[in-house]
Number of protein chains: 2
Amino acid sequence: MAIRPAEQLIHKAAWLYYAHGLRQDEVANQLNISRASVAMYLRKARETGIVNISTSTQLFTDDIMARRLEDALKLDAVWIAPENAYLADPSTDIAVLAASVFLELVRKGDRIGVAWGRTVYTIADIMSYADLQDVTVVQLCGNLGAPYSYRPDQCTMEIARRLNAKGLNFYAPLVLSTEELAQGLRAEPVIRDQLSGISDCDLALYSIGAVDADSHLVKCGALTAAEMAALRKEGAAGVIAGQIIDAGGELLDCSYNRRVISAGLASLRVIGKRLMVVQEDSKFEPLLAAIAGGLCTHLVVGAHMAQRLLDHAGASAEKAP
Amino acid sequence: MAIRPAEQLIHKAAWLYYAHGLRQDEVANQLNISRASVAMYLRKARETGIVNISTSTQLFTDDIMARRLEDALKLDAVWIAPENAYLADPSTDIAVLAASVFLELVRKGDRIGVAWGRTVYTIADIMSYADLQDVTVVQLCGNLGAPYSYRPDQCTMEIARRLNAKGLNFYAPLVLSTEELAQGLRAEPVIRDQLSGISDCDLALYSIGAVDADSHLVKCGALTAAEMAALRKEGAAGVIAGQIIDAGGELLDCSYNRRVISAGLASLRVIGKRLMVVQEDSKFEPLLAAIAGGLCTHLVVGAHMAQRLLDHAGASAEKAP
DNA sequence: CACGGCTCTCGACAAAAGTCAAATTTGGAT
DNA sequence: ATCCAAATTTGACTTTTGTCGAGAGCCGTG
């Protein structure tokens with residue numbers, strides 16, 4: 001009588017409890033098991049996505065500032081996490097909000113592109129579970145063998161796991177040492193298919209990286225701090241899906257970019273919903289670049305960043321007649 | 001200090017509790033209110049649809065019988081409520097399941113047609129709340145001034161209320177005394193618009209009525225028991241959205257139908273998702289008629305009814321070579 | 001300006017849910 | 001065949017949550 005507690009049993013318990021509104025002990029009676037088991041099944045049901053608990057993110061878009069930002073930056077939707085009004089750690093609040101927004105944007109049957117970074121991994125980590133079997137999560141860029149837990153493939157897999165979706169990983173390094181090798185690898189059928197499949201995505205999730213010595217690209221050894229500084233002088237404004245963009249949001253013409261295996265900006269721009277999440281206030285310029293380049297249609301930021309964006313947009317509008 | 005507890009506060013509490021996973025007392029501290037108030041806000045949040053708790057209805061479609069029924073009857077999806085395995089009252093189980101399925105089928109921006117009957121009202125009554133502001137719920141058929149609580153307009157309004165959606169009522173009686181009057185009324189701009197708007201629906205929810213003295217049409221005085229019996233002899237097989245259909249699922253050619261103000265069968269067939277819910281085993285023949293007439297693409301029934309449908313389909317298949 | 005009626009809030013109790021270590025069962029390995 | 005490790009179930013205990021009636025602030029009215 002201790003067979004694998006068939007998914008069926010979890011489902012029945014969840015059904016009686018959440019849909020019918022029975023109490024745990026009533027459910028236990030119905031199913032002839034102890035109440036403790038019911039409690040355990042219910043936890044599993046939540047962790048498996050058999051039951052879904054979601055809170056509307058309406059409040060964060062209802063904000064007047066969010067509306068104005070949507071207009072000023074021509075974005076489809078903006079969510080603003082009210083800093084310091086809620087929790088001790090505001091960055092967590094942004095990630096929690098981003099996870100909710102993400103789940104709200106996902107539709108059954110969708111194909112989702114996921115980039116990488118601390119922000120993306122944090123979101124994956126706190127995201128609640130869902131049951132979206134016919135969803136595919138694809139990795140947007142090559143891998144970086146880093147000691148961190150937010151490697152591109154890990155971000156992809158973790159999100160796929162949370163959604164009960166299929167995860168498609170990228171079996172290639174993010175950066176190669178020569179342009180020839182990168183070109184050759186991009187032509188490989190396996191890689192080519194993955195790259196060309198990116199424009200079929202319905203939704204993309206990424207953050208933006210800063211061009212400084214703290215960048216993951218430096219930490220993971222893809223670039224040295226000196227190289228990064230040099231690129232900055234050449235006009236580098238931000239990092240998206242492992243690639244370096246200039247202030248206009250276009251790919252910077254540099255050797256590094258030519259050696260990268262990642263989703264082309266053109267493929268990204270084709271994706272219908274591009275959700276960008278920015279936690280750090282320091283990423284103001286990189287974010288401006290990404291927006292300028294049309295790399296984001298949906299935006300989740302903190303109140304402080306929102307205010308800066310709005311001020312900036314206002315100033316630009318004055319300058320331009 | 002006893003101002004209307006702004007929706008904002010409810011939202012904040014729900015956010016901290018459900019999205020961040022804080023305990024009620026932690027939320028109470030954050031917001032500087034008592035834990036009891038937090039508990040109350042959370043209840044309101046659930047009742048308003050600010051938080052959504054839904055359980056996957058997967059199990060009920062996974063059933064082998066459901067799959068076979070989908071094939072045999074050429075339906076898009078079938079859900080089977082396992083009778084007597086669950087609760088004392090099996091009909092409640094069907095309604096709870098139907099409500100979940102309904103909520104699962106609704107999409108933001110949808111237009112939903114709702115008919116009327118005890119079944120539909122039961123579903124509305126147990127349906128959990130959701131926050132779908134841009135959804136419109138339209139009434140599929142004219143009104144019947146009945147002493148019951150499941151008048152067409154009530155079904156529509158209740159569902160609209162649960163979804164936080166707009167409700168569009170039909171300000172016309174279901175049946176008129178002469179065909180001329182009915183024709184004239186149908187030509188009225190207000191009514192005509194409502195009728196023509198029905199084919200724009202994305203989803204319809206209805207049940208099927210039996211052709212007997214217990215029918216709502218008789219109880220509400222639209223027809224006498226004798227008239228009903230006569231119609232039955234003329235080939236009436238079921239009642240859908242207040243109209244009488246024959247065994248082939250086509251409108252029966254009779255005076256009553258010509259005097260009715262309701263959604264034409266053609267308009268209904270245009271709707272993408274037609275969800276039919278049947279609670280009573282006695283409605284076997286009416287259901288067969290509705291299916292034959294292509295009036296249903298999605299079906300929720302009890303296990304017993306499912307078995308009968310399957311047996312019937314098997315028998316028909318044998319007869320036809 | 002005092003008065004009910006109203007809604008919101010809180011403290012305290014009761015009910016329900018979560019948790020843990022021990023007991024039981026299973027399936028596979030020796 | 002027997003034993004071990006892993007997984008599941010349970011009863012007892014603790015923590016968390018739901019609820020009720022009393023009290024307090026607000027508002028329109030007499």
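Lettering of chains follows the sequences in order, A, B, ..., and the numbering in each one begins at 1.
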So, does Gln24(A) get its side chain near the phosphate of dA15(C), meaning an N or O under 4.0 Å from OP1 or OP2?
no
Within the structure shown, what part of the strands sits under 4.0 Å from Arg43(B) by heavy-atom distance: base, sugar-phosphate, or nothing?
sugar-phosphate
May I ask you to evaluate whether Ser37(B) reaches the phosphate of dC10(C), defined as a side-chain N or O under 4.0 Å from OP1 or OP2?
yes
Winner on side-chain proximity to Ala36(B), out of dG18(C), dT17(D), dT19(D), is dT19(D)
Kindly say whether Val277(A) contributes a backbone atom to a donor-acceptor pair with the side chain of Ser207(A) at under 3.5 angstrom?
yes
If you compare every side-chain N and O of Tyr41(B) against the phosphate oxygens of dC8(C) (OP1, OP2), does one of them come in below 4.0 Å?
no
Asn29(B) CG to dT16(D) C1', in whole Å, measures 14 Å
Minimum-distance nucleotide to Ser34(A) side chain [options: dG11(D), dT19(D), dC8(C)]
dG11(D)
Closest to the side chain of Tyr17(A), out of dC10(C), dA17(C), dT17(D), is dA17(C)
Go through the structure and list residues passing salt bridge (charged side-chain N to carboxylate O under 4.0 Å, His left out) with Arg308(B), not counting sequence neighbours.
none
With rounding to the nearest 0.5 angstrom, report the CG to CG distance, Leu168(B) to Asp153(B).
12.5 Å
Among dT19(C), dC8(C), dG18(D), the one nearest any side-chain atom of Lys44(B) is dC8(C)
Per nearest nucleotide of DNA chain C, the residue lying toward the 5' end, Ile33(B) or Arg23(A), is Ile33(B)
How many Å lie between CG on Leu16(A) and C1' on dA17(C), as a whole number?
17 Å
OP1 or OP2 of dG18(C) under 4.0 Å from side-chain N/O of Arg46(A)
yes
Kindly assign one of parallel, tilted or perpendicular to the pair Trp79(A) and His298(A), based on the angle between their ring planes and the thresholds 30° and 60°.
parallel
